[in-house]
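Every chain is numbered from 1 and lettered A, B, ... according to where its sequence line falls, protein lines coming before strand lines.
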Amino acid sequence: MISRTEARVLWFCATVALFYLLFPVVVVMTVSFSSSKFLDFPPPGYSLQWYRALLDEGWLSSYWITFQVGTLTALFSTLVGVPAAFALARYDFPFRRSFEALLLAAIIVPPIIKAISLYLFFAPIGLANTVLGLVLGHTVTGVPYVVINLLATLKGYDRDLERAAQAHGATPLQAIRTVTLPVLAPSVLVGAVFAFLQSAQELLVALFLLGTVEKPLAVRMWEGVRISLSPTIAAASGTLVVLALAALAVVALALRSRRRAPA
Amino acid sequence: MTGRREERWIVFALLLPALVLYGACFIWPTGVLLSRSVTEAGELSLVNYRELLETPLYLGVIWTTLRISVVTTVVCLVIGYPVAMLMERAGPRARILLLLAVTVPYWLDYIVRTYSWMVLLGRYGFVNQVLMWLGLVDVPYSHLSSELAVLVGTIQVMLPLMILALFAAMTRIDRTLMDAAAAHGASAWRAFRTVYLPLSMPGVIAGALLTFVNTVGFYITPALLGGPRQTMISQSIETLAAKLFDWPMAATVSVVLLVISLAILVVFNRFFGLERLAGGDR
């Protein structure tokens, strides 16, 4: 049991920590609805002028690029990550630990190193300043998310379901497609959402691989923040808060359906 | 049942897309970068490394980076531990609320979180208003471009990662052990110190390694909240590559960063392996 004093100390510490964590987010959201021309907090009144400014200043093209890159990254990461997760969950093979370490490295190696090494490699072969180049760069980081999220589910999955399907005349591939994949779909979706989210928020690879010709959202925000602290950035931030909440909702729903699935 | 040979082909086919992607877009480019650091005019040479060691600027940047990373890790641990502990010990409803409060900022763009600190810490920002109202400051001045600003922003960005790593390990602790300690007459503090804290060590180590490695390579927040004296390794690589076009030195400083990151990776992989990242680190 948790004692009263213990509970009080913990709640006090947690309240301070959560205030520190959440207050800045609340500030950005509030400022984005400000009627002032400046970054007053608390704002003197409320309006949607900064969201309108997003439309007027042509931010939509940035959202579109980020959506394209993020969606393709999620797709590529899934196509590469799902088979890799199957290999890790179901087979024993030499270099297995090395392969896991490679996936770990893909997440841990700092973005600046990925950015300049990919730039050096892509520039001579014409992949720098292309959407495809950036998608490949973001897929490197996206794949581990797909693998990690799928691996836990795959290991807990009862293979007898698949064997039962085969006993009833399904080919191995048919069994995987009609029985296993639907059970795994929520976990794959969660991995894909992570892959999309990391792509949408990644700055340095985007800056080096596409930043000079197109402005993905992160690049556009970065340049905006460096030049002025205009509240338009707050409005763009507001849309990203919504994106994070939406991703969280998708993941929560997927996890709920995963718990209900016969695993 | 499938034969050994056939199985090997299946594994190969399953891993092929990943191997092609990582070979072409991760290992090879990193190799190209490494090669740029050890060549000078097409010949093998360590001249770049000598320049690195002989330039106080680079050594200063490395020192700043390590210092900020250590402080960030320690403070995140101290602030995050009680939050994670409360999360683990709270009832299901409170736990979901706390998880939500940690996960939402965790998934929010770094630039957004840093931007809000720029708004708060600026000369006419909220922090100064409060300080002036309290009478602690007479003339408003900007708190930006300082090491304190970098730390305040970076710790806030890294805190959710630490909390989630701690929480993941704490959920594995058998709750009855604390009750057993209490039943045998241990005070709450003693039970915590002798039972709970040692059992939560895997989370402490995992959280510390992840926080440290993320901070060492961090770019966005230090670049926005710090001044020239808070330049960290990632910033200095970016400047060398994008502004000075000094690719050999950019590559050489990158190798330093890569070695630090991979050293931590090796330790993490030994202790925990890939699956401990579940829930996602970015």
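With a 4.5 angstrom heavy-atom cutoff, A:L240 touches chain B via backbone and side-chain atoms both. Heavy atoms closer than 4.5 Å to chain B are found nowhere in A:F12, neither backbone nor side chain. Looking at A:F86, the atoms closer than 4.5 Å to chain B (heavy atoms on both sides) sit in the backbone and in the side chain alike. Contacts of B:S234 with chain A are made by both backbone and side-chain atoms, with heavy-atom separations under 4.5 Å. Heavy atoms closer than 4.5 Å to chain B are found nowhere in A:A252, neither backbone nor side chain. Proximity to chain B (any heavy atom under 4.5 Å) is shown, for A:F76, by neither the backbone nor the side chain. Looking at A:L248, the atoms closer than 4.5 Å to chain B (heavy atoms on both sides) sit in the backbone and in the side chain alike. Of the atoms belonging to A:R90, not a single heavy atom falls under 4.5 Å from chain B. With a threshold of 4.5 angstrom between heavy atoms, A:L18 approaches chain B through side-chain atoms but not through N, CA, C or O. Using a 4.5 Å cut-off between heavy atoms, A:V27 touches chain B through its side chain atoms alone. Heavy-atom distances place no part of A:V16 under 4.5 Å from chain B, backbone and side chain included. With a 4.5 Å cut-off on non-hydrogen atoms, B:I27 touches chain A through its side chain but not through its backbone.
The aromatic rings of B:Y219 and A:W222 are tilted relative to each other, their planes meeting at an angle between 30° and 60°.
For the residue pair A:P144 and B:Y22, the shortest heavy atom distance occurs at CD-OH, 3.2 Å. Residues A:A17 and B:I79 share a closest heavy-atom pair of CB-CG2, 3.5 Å. For the residue pair B:P17 and A:V80, the shortest heavy atom distance occurs at C-CG1, 3.8 Å. A:S117 and B:L33 get closest at one heavy-atom pair: CB-CB, 4.0 Å. Of all non-hydrogen atoms in B:M118 and A:V225, the two that sit nearest each other are SD-CG1, 3.3 Å. A pairwise comparison of heavy atoms in A:V28 and B:S116 identifies CG2-CB, 2.9 Å as the closest pair.
Identified under the side chain to side chain donor-acceptor pair (under 3.5 Å) test for residues 12-21 of chain A, with sequence neighbours left out: none.
Environment of OH in A:Y119: sparse, with no more than 12 heavy atoms of neighbouring residues, nucleotides or ligands closer than 6.0 Å. Few gaps surround CZ on A:R226; more than 12 heavy atoms of other groups in view lie less than 6.0 Å from it.
Ranked by heavy-atom pairs under 4.5 Å with chain A, the list B:F126, B:Y115, B:Y81, B:W28 is led by B:Y115. Heavy-atom pairs under 4.5 Å with chain A peak, among B:I155, B:V157, B:L34, at B:I155. Chosen from A:L245, A:L127, A:I233, the residue pairing most often with chain B at heavy-atom distances under 4.5 Å is A:I233. Ranked by non-hydrogen atom pairs under 4.5 Å with chain B, the options A:V25, A:V143, A:V147, A:L88 are led by A:V143. Contacts with chain B were tallied for A:A14, A:P42, A:A105, A:C13; A:A105 has the most, counting heavy-atom pairs under 4.5 Å.
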Residues 250-260 of chain B side chain polar contacts: donor-acceptor under 3.5 Å, at least two apart:
from, atom 1, to, atom 2, distance (Å)
B:T252, OG1, B:P248, O, 2.7
B:S254, OG, B:A250, O, 2.7

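Using modelled atom types, one side-chain atom of A:Q201 and one backbone atom of B:W107 make a donor-acceptor pair closer than 3.5 Å.
With rounding to the nearest 0.5 angstrom, the CG atom of A:L120 is 4.5 Å from the CH2 atom of B:W247. For the atom pair B:F26 CZ and A:L103 CG, the distance stands at 9.5 Å (nearest 0.5 Å).
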